[in-house]
2 protein chains.
Amino acid sequence: MPRSLRADAQANQERLLDVAARVFAREGADTSLKAIAAEAGVGIGTLYRRFPTREDLVEATYRNETTRLCESAPRLLERHPPVEAFRAWMEDFVDYMLTKQGMSDALPAILATRDGLRLHSRQALGEAVETLLAAGIAAGRLRADGSASDVLMALGGITLISGHEHQRDLASRLISLLLDGLASRASAAAG
Amino acid sequence: MPRSLRADAQANQERLLDVAARVFAREGADTSLKAIAAEAGVGIGTLYRRFPTREDLVEATYRNETTRLCESAPRLLERHPPVEAFRAWMEDFVDYMLTKQGMSDALPAILATRDGLRLHSRQALGEAVETLLAAGIAAGRLRADGSASDVLMALGGITLISGHEHQRDLASRLISLLLDGLASRASAAAG
DNA sequence: ACAATAAGCGGAGGCGACTCCGCTTATGCA
DNA sequence: TGCATAAGCGGAGTCGCCTCCGCTTATTGT
């Protein structure tokens, strides 16, 4: 079993990603996949074989940039107190998701990924949040029982609803609310 | 300009809503609208004329139940302390949204409504949250600068992400986090 | 070089969303 | 009761999604 694609298939895949990046930027999130396949000079069947869902194509198209976003977390922690680094990163996250065409639509699928094609982005995001949250806890500024997974989901929810509402400011206010919740002492959480 | 539909149109609309409720329950959220139209004995054009988007049809189908959910808020406040009433209502909201087929998909459209077909549900939800939040503020348990609109959006975000993740528990944890954020004193919020 | 074959290709076809506009009919008025 | 007409109807048509499978070709071993 070959671990890498046949040479022609590899080239087709790269061409598809190139074209997708251009077409998403030019025509928005809901371009027809057939058009992307055509512009890449492959059949629609080839596109679907390589990227079974639209979300898979979007994730792969922006994977490098997602990685870069996630890698910025440690650098933010060097330059800011943990809570402010966390806030800054979440603001960047929202900007990124709302800017890259199709990305916020794909976000639920990316966050839900447990294995497979979209795993790379999902893991990078999880690790970035984990790092930021741990720093806040270590500094005594965030509650120790906060779960990185839950925080990532909360951020996902904030992104989704802000995107649907076309209200970027809403995201900032909800991020503040989230940080307040994470900063609150355990007292309020008892069931 | 007649304020009410012609008699036959009225009957068609009612039949569509009847059928939609049954078909959504029977076949889930992504049933074909053509099938609903057919089962109601009207053409697809008629369905679209009355309900221009799927979200409009879903909202109308569940409008009565949404109203009932919203009307429960004052009763919860009679029987529970404000914060617990708020929590209970939000839990009910999530259960409702995740139970009624198609409802969570329509939620973004409902929340974004400023006027038109879906306004009824949107306003009822806004008023319920307003009531609950005001009670918490009046009791000194929630921060006075909380915006009902933002809280409704936060709850919407929680519902969306929990639904996508198929994790009902996640919603409960995020509701707690939201309430913690709303309970936090202004100290943590300063920029 | 040259099979043998696994890997890959691609588009026809089936389905659903949504629009558009020529046809039908309920309604109100004389 | 009958006419004029606004209101409503509905399905053909267009487009995109996604699958399926018969055809093509890169690769590998000899």
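Letters A, B, ... are given to chains in the order of the sequence lines, protein chains preceding strands, and every chain is numbered from 1. Note that the coordinates shown come from a computational prediction; the quantities given were computed from them, not determined experimentally.
Nearest-nucleotide assignment on DNA chain D puts the 5′-proximal partner with A:A35, out of A:G45 and A:A35.
Heavy atoms of A:T53 sit nowhere under 4.0 angstrom from any nucleic acid atom. As judged by a 4.0 angstrom heavy-atom cut-off over every strand, B:S32 is placed among residues touching the sugar-phosphate backbone only.
Rounding to whole angstrom units, CG of residue A:D30 and P of C:dA17 are separated by 17 Å. In this structure, B:Q13 places its CD atom 17 Å from C1' of C:dA26, rounding to the nearest Å. Rounded to whole angstrom, the span from the CG atom of A:L47 across to the P atom of D:dT19 amounts to 12 Å. For the pair B:K34 NZ and C:dT19 C1', the computed distance is 14 Å after rounding to whole Å. Nucleotide D:dC18 holds its P atom 8 Å from the CD atom of A:E55, rounded to whole Å. Separating the CG atom of B:L33 from the P atom of C:dG16 is a distance of 10 Å, rounded to the nearest angstrom. Across the protein-nucleic acid pair, A:I44 atom CD1 and D:dC20 atom P stand 15 Å apart, rounded to whole Å. Per the geometry, CD belonging to B:E14 stands 14 Å off P belonging to D:dG8, to the nearest Å.
For B:A148 against B:V129, the heavy-atom pair with the smallest separation is O-CG1, 3.6 Å.
Residues B:F86 and B:L76 fail the side-chain proximity criterion, which asks for heavy atoms closer than 4.5 Å. B:E55 places none of its side-chain heavy atoms less than 4.5 Å from the side chain of B:I110. Between B:Q101 and B:Y62 the shortest side-chain heavy-atom distance falls below 4.5 Å.
Each of C:dA17, D:dC9, C:dG8 was ranked by its minimum atom distance to the side chain of A:A9; first place goes to C:dG8. You'll find that the side chain of B:T46 is closest to D:dC9, out of C:dT19, D:dC18, D:dC9. Here D:dG8 is the nucleotide among D:dC17, D:dA12, D:dG8 with the atom lying nearest to any side-chain atom of B:D8. Of the candidate nucleotides C:dC18, C:dA12, D:dA26, D:dA26 has the atom lying nearest to any side-chain atom of A:A7.
Dashed line: the shortest gap from a side-chain N or O of B:R49 to OP1 or OP2 of C:dT19 is not under 4.0 Å. Contact check, B:N12 against D:dG8: no side-chain N or O comes under 4.0 Å of OP1 or OP2. The side chain of B:R6 contributes no N or O atom lying less than 4.0 Å from OP1 or OP2 of D:dC9.
Between the OG atom in B:S149 and the CD atom in B:E130 there is a gap of 10.0 Å [rounded to 0.5 Å].
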